[in-house]
Amino acid sequence: MFDLDPAFRPVRLRGGYLPLEDLGLIGDGATAALVGLDGSIPWMCIPRFDSEPLFCGLLDHAHGGHFTVAPEDLVEARQRYEPDTGVLTTELRSATGVVRITDALVLRSGADLTDDAPVARAELVRSAVVLSGNVRLRADVMPRGGGQVRALFSGLEIQAARRPDLRLHLRSNRPLTALCDTHDLGQGDRLDLVLSWGRFHRHHRFDAEAMLRGTAEAWRRWMTHFSYRGPEESLVRRAAITLKMCDDWVNGALVAAPTSSLPAPVGGIRNWDYRYAWIRDAAFAVFALRRIGFGGEADAFLGWVLDAFEQSGRPRIMYNLGGSPVPDEVEDFELEGYRRSAPVRWGNGAADQRQHDVYGEILDCADQWLRSGGELQPPLWADLAGLADAAGQAWRQPDQGIWEVRSEGRVFTYSAGMCQVALNRAAAIGERLGLSGRIAAWRAQADKLRRLILDQSWDEDAQTLSEYLHGGGSLDASLLALPLRRVIPADHPRMVATTTAIAERLSAGGGLLYRYLHDQSPDGLAGGEGAFVLCSFWLVDNLIAQGRIEEAEELYASLCARANPLGLLSEQIDPSTGEFMGNFPQAFSHIGIIASGVNMARAKAGAA
């Protein structure tokens, strides 16, 4: 549970790995790092989110590398963020004393986080101060594959064996002689470490405290735009910052998660690289961000989607952060995987799948872009019109669906629904702006497809819409998103019945939902998975729209209570233990915190 002032707790390792719940996130708009409750940084990719990781002990504790600052004989620890910032503090208690480590990926002095401009200094600050007693502090910098070191500019130059492209420089307020060292410190003593991978700051005054202070001030200036009054306000505030740390501030893209290959479940093979931007994330993220005061970030993501679409010449479901194709999926046999859950994968093999929801995602983004004041040039309109025409045919054809199944394609109801969104939004744009095109035909097709979805996917015996357009009664939690995309009203009798069916048949217990049941909906992969967090937030939104406010409020509170003490959520949760599963932190889950909170606040205000 999110806690602004958490108690100390024991540091737990399972086979050398921290639970995902015991990790925190720091970021600078170019990349991100995970900081462990044990003082380690077991994950950091530089210079970008999707670069090869410099530290990836998260995926192999013995060989992946890490940057650890921790006292010997560590007993317990706690973590918290400085309020309204991406600056993280970890307090570690040993048998002889307590030390506080403050971590941040540093932002430029005076940085304006609302600008689409680079503000990252390409520097990591780790600042330790002894709060009480005496500690022997261990400082280990171990890149994956090892590295060589030499003295340079009152610090150390590090040549990482696997990353000859990087110029790494480690500076400190204390003498440095090696990548692994110990420092005997008493109360009030400090150890400041700064790792740089941009230009060397040879003649700059070394002042880690000023770097941390300037970074915190930049975050707090950005948070002055935050606007939300509703349930779980402190968690919604934190979710906004988490999303910002998953955002590429220059390009406007949002990574699905800053990690790769975290398994769902542990020991399984469902290990994917999420360090890319999915088009479908855009519409959900934009809804959430715009409604809590961050219209600039929303517009930047919309603009990125349209730019990527125009540059690629065809709709793709995901892109890298620069709007180019995602690398081919490869397996890394040198790493054992988190808690020995192989394989580790880089790149994503779903990038070239046929997923028909992309038509609706792009046209919905275009509609939102134009409603927020964006301009529509004739070449873009021609491309969007072509997408609408393609959607009018694509819904009849099998695809891999929103869940990116790796089995034979089917005609998924949600995919057909998003083709309806494409036709609807194209017609709306054309009608509103008086544009040329097959406006009337798109409108007629959209209306017909909505009726067809309600009729053909309905299973009278099961009393629910089905995951497949031909019916059959099998379920898929993406049906809960149809009202959110305005395909079917949430209070339509068949949608109400479907909501009830999903809540009962896909229940994992405790308000959690499975995406689908593997014995009824095989996806081409062995093994099961956990409960998918976002699906439960979709259930909250449907309950709100159906006027079931008390049920929605109870479910929303229970979901928020599943966040870790730092307010972070993973992609999935193990229903039997409550442990986090899958890539972490997951942007979609934090979008759910915000969007459902906004919907709840509006519903309660309307009922007052």
(message) Before we go on, tell me: are the rings of Trp222 and Phe226 under 6.0 Å apart, centre to centre?
(response) no

(request) May I ask you to test the Asp115-Val119 pair for a side-chain heavy-atom distance under 4.5 Å? (result) no

(message) Between Val194 and Met211, is there a side-chain heavy-atom distance shorter than 4.5 Å?
(response) yes

(message) Give me each pair satisfying salt bridge (charged side-chain N to carboxylate O under 4.0 Å, His left out) with a member in residues 548-561, each pair once, sequence neighbours excluded.
(response) Arg548-Glu551, Glu553-Lys604

(message) Checking Tyr17 against Tyr338 for the ring pair (Phe, Tyr, Trp, His ring centres under 6.0 Å) test, could you report, in this order, the C-alpha distance in whole Å, the side-chain angles of both residues, the deciding distance, and whether it holds?
(response) CA-CA 7 Å; Tyr17 296 92; Tyr338 176 74; 5.5 Å; yes

(message) Ring centres under 6.0 Å, that's the criterion: do Phe588 and His590 meet it?
(response) no

(request) Output yes when a side-chain donor or acceptor of Asp574 lies under 3.5 Å from a complementary backbone atom of Gly578, and no otherwise. (result) no

(request) Please examine the side chains of Arg220 and Thr215, heavy atoms only from C-beta on, and report whether any two atoms are closer than 4.5 Å. (result) no

(message) For Asp273, is there an ion pair with Arg345 - N to carboxylate O distance below 4.0 angstrom?
(response) no

(message) Whether Arg229 and Glu233 form a salt bridge (side-chain N of Lys/Arg under 4.0 Å from carboxylate O of Asp/Glu) is what I want to check.
(response) yes

(request) Can you see which heavy atom on Ala216 is nearest to which on Thr85, and at what distance? (result) O-CG2, 3.7 Å

(request) For salt bridge (Lys or Arg N to Asp or Glu O under 4.0 Å), just list the numbers for Asp103 and Arg126, CA-CA rounded to whole Å, side-chain angles, deciding distance to a tenth of an Å, and then say yes or no. (result) CA-CA 5 Å; Asp103 289 300; Arg126 310 208 70 191; 2.5 Å; yes

(request) Please examine the side chains of Leu506 and Leu517, heavy atoms only from C-beta on, and report whether any two atoms are closer than 4.5 Å. (result) yes

(request) Verify the neighbour count for atom CZ of Arg9: are there more than 12 heavy atoms of other residues, nucleotides or ligands below 6.0 Å? (result) yes

(message) Can a donor-acceptor pair be found, under 3.5 Å and without considering hydrogens, that links the side chain of Arg275 to the backbone of Trp346?
(response) no

(request) Without swapping roles, check the side chain of Thr224 against the backbone of Arg221 for a donor-acceptor pair under 3.5 Å. (result) yes

(request) Evaluate whether atom NE2 of His225 has more than 12 neighbouring non-hydrogen atoms of other residues, nucleotides or ligands under 6.0 angstrom away. (result) yes

(request) Salt-bridge test for Arg12 and Glu76: reply yes if a basic N is under 4.0 Å from a carboxylate O, no otherwise. (result) no

(request) Say whether, by atom type as modelled, one donor and one acceptor occur between the side chain of Thr89 and the main chain of Thr102 under 3.5 angstrom. (result) no

(request) Would you confirm whether the ring centroid of Trp538 sits within less than 6.0 angstrom of the ring centroid of Phe284? (result) yes

(request) Please check if any side-chain donor atom of Gln79 sits under 3.5 Å from a side-chain acceptor atom of Thr90, or the reverse. (result) yes

(request) Give a yes or no answer on whether the side chain of Trp43 reaches the backbone of Val35 with a donor-acceptor pair at less than 3.5 Å. (result) no

(request) Salt-bridge test for Arg162 and Glu52: reply yes if a basic N is under 4.0 Å from a carboxylate O, no otherwise. (result) yes

(message) With a 4.5 Å cut-off on side-chain heavy atoms, are Met600 and Glu232 touching?
(response) no

(message) Less than 4.5 Å apart, side chain to side chain, heavy atoms only: is that true for Leu559 and Phe537?
(response) yes

(request) Over 60° means perpendicular and under 30° means parallel, so classify the ring planes of Trp219 and Trp249, tilted if in between. (result) perpendicular

(request) Taking atom types as modelled, find out whether Ser127 and Asp192 have a side-chain donor-acceptor pair closer than 3.5 angstrom. (result) yes

(message) Could you tell me if Ser132 and Gln187 have a donor-acceptor pair between their side chains, going purely by distance under 3.5 Å?
(response) no

(request) List the steps and the verdict of side-chain contact (heavy atoms from CB on, under 4.5 Å) for Leu243 and Ile594. (result) CA-CA 10 Å; Leu243 282 184; Ile594 297 170; 3.7 Å; yes

(request) Indicate whether any N or O donor in one side chain lies under 3.5 Å from an N or O acceptor in the other, for Asp541 and Ser596. (result) yes

(message) Under the criterion side-chain contact (heavy atoms from CB on, under 4.5 Å), I'd like the reasoning laid out for Leu170 against Val141: C-alpha separation, chi angles, the key distance, then a yes or no.
(response) CA-CA 9 Å; Leu170 183 67; Val141 182; 3.9 Å; yes

(request) Measure from NZ or CZ of Arg238 to the centre of the six-membered ring of Tyr81 and say whether it is under 6.0 Å with the direction within 45° of the ring axis. (result) yes

(request) Could you give me the CA-CA distance, side-chain angles and deciding distance for Arg237 and Asp84, then say whether salt bridge (Lys or Arg N to Asp or Glu O under 4.0 Å) is met? (result) CA-CA 7 Å; Arg237 295 183 79 91; Asp84 282 351; 2.8 Å; yes

(request) Give the C-alpha distance, both sets of side-chain angles, the deciding distance and a yes or no for side-chain contact (heavy atoms from CB on, under 4.5 Å) between Glu579 and Ile573. (result) CA-CA 6 Å; Glu579 292 180 351; Ile573 290 175; over 6 Å; no

(message) Quick one: does any side-chain atom of Arg108 pair with a main-chain N or O of Gly214 as donor and acceptor, under 3.5 Å?
(response) no

(request) May I have the step-by-step check of salt bridge (Lys or Arg N to Asp or Glu O under 4.0 Å) for Arg78 and Asp5, ending in yes or no? (result) CA-CA 9 Å; Arg78 64 176 181 172; Asp5 188 21; 3.2 Å; yes

(message) Tell me whether the NZ or CZ atom of Arg93 lies within the 45° cone about the ring axis of Phe8 and under 6.0 Å from its centre.
(response) yes

(message) Less than 6.0 angstrom from the centroid, inside 45 degrees of the normal: does Arg144 satisfy that with respect to the ring of Phe55?
(response) no

(request) Verify the distance criterion only: is there a donor paired with an acceptor across the side chains of Glu571 and Trp272 at less than 3.5 Å? (result) no

(request) Please say which of Leu195, Leu23, Leu124 ends up in a side-chain contact (heavy atoms from CB on, under 4.5 Å) with Ile41. (result) Leu124

(message) Between Arg340 and Glu336 (side chain of the first, backbone of the second, donor and acceptor by atom type, cut-off under 3.5 Å), is there such a pair?
(response) no

(request) Report yes if some heavy atom in the side chain of Val69 is under 4.5 Å from a heavy atom in the side chain of Ser40; otherwise report no. (result) no

(request) Please report the C-alpha distance between Cys56 and Leu335 in whole Å, then the side-chain angles of each, then the deciding distance to 0.1 Å, and finally whether the side-chain contact (heavy atoms from CB on, under 4.5 Å) criterion is met. (result) CA-CA 9 Å; Cys56 63; Leu335 300 174; 3.9 Å; yes

(message) Test your reading of the model: is there a side-chain donor-acceptor pair from Ser196 to the backbone of Gly198, 3.5 Å cut-off?
(response) no

(request) Measure from the side-chain N and O atoms of Ser570 to the backbone N and O of Asn583, and report whether any donor-acceptor pair falls under 3.5 Å. (result) no

(message) With heavy-atom distances below 4.5 Å as the criterion, would you say the side chains of Asn271 and Val344 are in contact?
(response) no

(request) Return yes if some donor-acceptor pair links the side-chain N/O of Tyr274 with the main-chain N/O of Ala277 below 3.5 Å, else return no. (result) no

